[in-house]
Chemist: 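The structure that follows is given in the form of structure tokens.
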Protein chains: 2
Amino acid sequence: MKSSDPKDLKLLMIEKSDDLKTHQWVYQLLRNNLLCGRIEPGKPLTIRGLAEILQVSPMPVREALHRLACESAVEVKNNRRVIVPSMTAEKFNELSELRILLETHAAEGALPYIKQQDIAILEQIDAKIDAAVEHHDVDNISLYNQAFHRQLYCANPFQVAVPLIESLWLQLGPFSRIAISKLEKAYLVDRHVEALEALRERNLFGLRRAIEADIRDGIASINTVDGIHDHFQGVA
Amino acid sequence: MKSSDPKDLKLLMIEKSDDLKTHQWVYQLLRNNLLCGRIEPGKPLTIRGLAEILQVSPMPVREALHRLACESAVEVKNNRRVIVPSMTAEKFNELSELRILLETHAAEGALPYIKQQDIAILEQIDAKIDAAVEHHDVDNISLYNQAFHRQLYCANPFQVAVPLIESLWLQLGPFSRIAISKLEKAYLVDRHVEALEALRERNLFGLRRAIEADIRDGIASINTVDGIHDHFQGVA
DNA sequence: GTCGATAGAATATGATCACATTTTTAAGAC
DNA sequence: GTCTTAAAAATGTGATCATATTCTATCGAC
């Protein structure tokens with residue numbers, strides 16, 4: 001039983017548009033797969049293995065993996081082996097606390113710049129989330145949810161926190177899948193509508209509360225999942 | 001007048017120890033030079049130019065630059081030109097606010113894990129800072145100051161915020177030099193001793209206050225520097 | 001049967017090369 | 001003298017190859 005074979009990966013493919021460099025395409029593909037949790041913690045990733053799967057030369061894969069490593073999305077061991085880091089309860093709590101800290105701050109900073117058009121876009125994304133929930137499309141729930149948050153924070157043209165937040169998402173990625181796949185109904189008690197309402201009313205405190213509640217809901221979901229602790233601290 | 005020549009760089013060199021890979025050495029070298037502000041904003045960096053200066057092949061330089069780019073330390077323009085991003089007042093404020101947010105949080109998380117030995121190490125680093133101030137060694141003031149903060153936060157074994165904090169340092173790097181070089185005396189009203197005292201007393205609030213004050217002092221220094229605004233928004 | 005050593009395979013790293021895009025420089029037209 | 005255009009140099013990207021290190025598996029000793 002070789003669970004460590006770098007080859008047996010069921011990756012969610014995306015099409016390579018021509019204006020994307022190869023290494024950017026590889027990066028985004030791996031990133032998406034990490035974000036929606038399709039690559040499990042502990043899974044070893046090799047440059048040549050991925051290159052063969054994706055039918056590209058090893059060079060762009062090398063760059064993509066290095067970039068993911070510096071975002072803490074993957075971990076480069078001393079053996080120069082690249083793996084998806086395993087999660088611990090303490091690390092999960094730390095990452096979640098940082099999400100709240102940074103995202104409430106980012107939301108606050110974005111509020112003054114929110115225009116009617118931004119709200120419309122956010123409503124569209126929220127609709128897509130609902131549709132994805134309807135179809136039990138776990139991958140897209142995760143991706144659209146992040147798109148919602150990113151769209152909100154990036155309304156601030158002087159935004160610098162988003163790259164940091166995205167790093168947190170990447171590290172939490174493998175677990176968002178578990179949380180979402182379990183508690184779709186509960187997640188439908190949607191904090192996004194609260195956030196949208198706060199945006200329309202220019203209600204700063206309400207916005208912060210909605211964002212924090214949205215994140216805490218996700219944490220709470222995780223903790224109510226039976227046997228979730230089997231997923232902590234190394235599947236090996 | 002070609003201020004844009006990628007070749008005329010006075011880099012602070014560091015020795016390449018044998019256990020370091022070439023690309024790691026290049027990365028740390030460029031990182032140090034950015035952190036203490038030896039590479040000014042707007043300066044274009046080229047792979048081949050740096051490779052020639054450092055006497056290495058272009059490959060490790062390519063990797064180092066890409067890593068710095070994903071940490072927002074350098075910016076890759078659409079023209080695929082790599083430059084040190086120019087600072088704006090709004091960006092500076094945002095980065096500073098994020099520093100306070102993340103570093104007070106990181107200090108709080110580290111406090112329970114602080115041992116007598118950690119305090120001793122911190123005192124040693126603080127002494128080195130004082131010595132660097134004494135000798136007007138601007139480079140080392142900056143580097144040791146960051147070493148102090150990093151040593152403190154990393155006492156928490158479940159620390160995950162440090163990579164994010166280091167990204168902020170990298171982005172603020174070109175300005176720390178200006179601030180420190182102007183107001184050395186004021187900076188000697190050292191908040192680090194306050195922090196050390198709070199650590200010994202296990203005083204959580206005092207520690208947070210010391211860290212925040214330390215960061216705000218740096219911001220205040222910047223704002224009192226005459227003509228500092230000439231350094232904002234592009235030297236070009 | 002279990003542990004350890006050696007040979008082979010696999011891997012990341014770094015160097016060199018080819019190519020497409022961009023920037024710079026130079027020449028020419030008005 | 002200034003703007004346009006074309007040639008040339010420079011640059012990033014991706015491919016291929018050589019090499020050192022690490023992992024794996026087979027074989028042998030106890």
Side-chain angles (χ1 to χ4, degrees), chain A residues 1-9 16-30 39 42-71 73-85 234 236, chain B residues 1-9 15-30 39 42-71 73-85 236:
Chain A
M1 172 70 175
K2 300 178 57 179
S3 72
S4 62
D5 187 1
K7 300 292 176 54
D8 63 352
L9 269 174
K16 176 185 179 307
S17 70
D18 287 349
D19 57 345
L20 271 182
K21 314 264 181 200
T22 307
H23 68 95
Q24 294 172 326
W25 173 69
V26 174
Y27 167 74
Q28 290 194 5
L29 190 147
L30 291 177
I39 309 179
K43 162 70 70 178
L45 299 174
T46 63
I47 293 178
R48 282 175 163 83
L50 290 171
E52 188 177 346
I53 293 175
L54 300 177
Q55 291 294 316
V56 296
S57 108
M59 186 67 62
V61 177
R62 188 200 299 194
E63 297 194 9
L65 274 184
H66 283 157
R67 179 164 177 190
L68 290 169
C70 102
E71 291 174 308
V74 301
E75 184 183 355
V76 179
K77 310 280 289 191
N78 291 336
N79 342 340
R80 65 186 181 176
R81 205 64 179 268
V82 176
I83 66 167
V84 180
Chain B
M1 175 70 176
K2 301 179 55 180
S3 74
S4 62
D5 188 0
K7 300 289 174 56
D8 63 352
L9 270 174
E15 57 183 313
K16 177 186 179 306
S17 72
D18 287 350
D19 55 346
L20 271 182
K21 315 265 182 198
T22 306
H23 68 95
Q24 293 172 327
W25 173 69
V26 174
Y27 168 75
Q28 291 195 3
L29 190 148
L30 291 177
I39 308 179
K43 162 72 67 180
L45 299 174
T46 63
I47 294 178
R48 284 176 167 84
L50 289 172
E52 189 178 346
I53 293 176
L54 301 178
Q55 291 293 318
V56 296
S57 107
M59 187 69 62
V61 176
R62 189 199 300 194
E63 296 193 10
L65 274 184
H66 283 157
R67 179 164 178 190
L68 289 169
C70 103
E71 291 175 307
V74 300
E75 185 183 354
V76 179
K77 310 279 288 191
N78 292 335
N79 342 341
R80 66 185 181 180
R81 205 63 181 269
V82 176
I83 66 167
V84 180

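Sequence lines set the chain letters: A, B, ... in the order given, protein chains first and strands last, and positions in each chain run from 1.
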Chemist: Show your working on side chain to side chain contact (heavy atoms under 4.5 Å, CB included) between B/Leu30 and B/Leu68 and close with a plain yes or no.
Modeler: CA-CA 9 Å; B/Leu30 291 177; B/Leu68 289 169; 3.7 Å; yes

Chemist: Need to verify one output field. Residue with the more 5' nearest nucleotide on DNA chain C, B/Ser57 or A/Ile47?
Modeler: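 Its nearest nucleotide being more 5', the pick is A/Ile47.
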
Chemist: Measure from CZ on B/Arg81 to C1' on D/dA10 and round the result to the nearest Å.
Modeler: 9 Å

Chemist: Can A/Lys77 and A/Ile83 be said to form a side chain to side chain contact (heavy atoms under 4.5 Å, CB included), step by step?
Modeler: CA-CA 8 Å; A/Lys77 310 280 289 191; A/Ile83 66 167; 3.9 Å; yes

Chemist: In Å and rounded to the nearest 0.5 Å, what is the NE2 to OH distance from B/His66 to B/Tyr27?
Modeler: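 So the gap between those two atoms works out to 14.5 Å.
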
Chemist: Only one of B/Val82, B/Val26, B/Leu45, B/Leu29 forms a side chain to side chain contact (heavy atoms under 4.5 Å, CB included) with B/Leu50, so which one is it?
Modeler: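 Per the side chain to side chain contact (heavy atoms under 4.5 Å, CB included) rule, the option paired with B/Leu50 is B/Leu45, out of B/Val82, B/Val26, B/Leu45, B/Leu29.
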
Chemist: Could one point to a donor on the side chain of A/Arg48 or the base of C/dA10 with an acceptor on the other under 3.5 Å away?
Modeler: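 Not at all, since no donor on one side and acceptor on the other fall under 3.5 Å apart.
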
Chemist: Sequence neighbours left out, cut at 3.5 Å: what donor-acceptor pairs do the side chains of residues 54-62 of chain B make with other protein atoms?
Modeler:
unit_1  : atom_1 : unit_2  : atom_2 : d
B/Gln55 : NE2    : B/Glu52 : O      : 3.1
B/Ser57 : OG     : B/Met59 : N      : 3.2
B/Arg62 : NH1    : A/Glu63 : OE2    : 3.3

Chemist: In Å and rounded to the nearest 0.5 Å, what is the NE2 to CD distance from B/His23 to B/Gln28?
Modeler: 10.5 Å

Chemist: Check the interface with nucleotides 20-22 of chain C: list each N/O to N/O pair with the protein under 3.5 Å, or write none.
Modeler:
unit_1 : atom_1 : unit_2  : atom_2 : d
C/dT21 : O2     : B/Arg80 : NH2    : 2.4

Chemist: Can you check the B/Lys77 NZ to D/dA10 C1' distance for me, whole Å?
Modeler: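 To the nearest whole Å, that distance equals 19 Å.
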
Chemist: What is the distance from NE2 of B/His23 to P of C/dT13, rounded to the nearest Å?
Modeler: 5 Å

Chemist: For B/Arg62 and C/dA12, what is the distance between atoms CZ and P respectively, to the nearest whole Å?
Modeler: 17 Å

Chemist: Does C/dT13 have OP1 or OP2 under 4.0 Å away from a side-chain N or O of A/His66?
Modeler: yes

Chemist: Once you round it to whole Å, what is the distance between C1' of D/dG12 and CD of B/Glu63?
Modeler: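 In whole Å, D/dG12 C1' lies 14 Å from B/Glu63 CD.
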
Chemist: How close or far is atom P of C/dT23 from atom CD1 of B/Ile83, stated in whole angstroms?
Modeler: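 Answer to the nearest Å: 12 Å.
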
Chemist: Quick check: on DNA chain D, is the nucleotide nearest A/Pro58 upstream (toward 5') of the one nearest B/Leu65, or the reverse? Name the residue that is more 5'.
Modeler: B/Leu65

Chemist: Round to a whole Å and report the spacing from CD of A/Gln55 to P of D/dG14.
Modeler: 16 Å

Chemist: Is the side chain of A/Lys21 donor-acceptor paired with the backbone N or O of A/Trp25 at a distance under 3.5 Å, no angle test?
Modeler: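 No: the side chain of A/Lys21 does not pair with the backbone of A/Trp25.
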
Chemist: Could you tell me the separation between the CG atom of B/Leu50 and the C1' atom of D/dA10, rounded to a whole number of Å?
Modeler: 14 Å

